[in-house]
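Atom set for the values below is all heavy atoms of this structure, side chains included, hydrogens, waters and symmetry mates excluded.
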Amino acid sequence: MKAARLEDGTLEIQDLPTPKPGHEEALIRIRSAGVCHSDLRIVRGDWQGVPRSGVIGHEAIGVVEA
């Protein structure tokens, strides 16, 4: 799967392994994802104490795969 990840302050599109859902979890194939204003502030480093690595774009819609 592809993911927009912030790695030490640099935004990258990466290929990551597809996760397997655990108990009471679902795997969603994301069709569209938005980057909200808080994501942009994290990428720019505006907030002290917020990790500079992680997945960006938490506002998404998709289809349940598993």
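Applying the under-4.5 Å side-chain rule to Ile, Leu, Val, Met, Phe, Trp and Tyr, the cluster around I13 consists of that residue alone. Cluster partners of I30, by chain and number: I28, V64. The rule joins Ile, Leu, Val, Met, Phe, Trp and Tyr whenever side-chain heavy atoms lie under 4.5 Å apart. L16 belongs to a hydrophobic cluster whose other members, connected by ILVMFWY side-chain contacts under 4.5 Å either directly or through intermediates, are M1. Other residues sharing the hydrophobic cluster of V55, ordered by chain and number and joined by side-chain separations under 4.5 Å: none, the residue standing alone.
Counting only residues at least two apart or in different chains, salt bridge (charged side-chain N to carboxylate O under 4.0 Å, His left out) contacts with residues 15-40 comprise K2-D15, R29-E65.
For the atom pair CD1 (I56) and CG (L11), the distance works out to 6.5 Å, reported to the nearest 0.5 Å. Here C36 contributes atom SG and R41 contributes atom CZ; the two are 11.0 Å apart, rounded to the nearest 0.5 Å.
Partners of E12 by salt bridge (charged side-chain N to carboxylate O under 4.0 Å, His left out), not counting sequence neighbours: none found. Residues passing the side-chain contact (heavy atoms from CB on, under 4.5 Å) test with D8 are S53, sequence neighbours excluded.
Without hydrogens or angle criteria, R52 side chain to V43 main chain gives a donor-acceptor distance under 3.5 Å.
Nearest heavy-atom pair across L27 and P19 is CD1-O, 3.7 Å.
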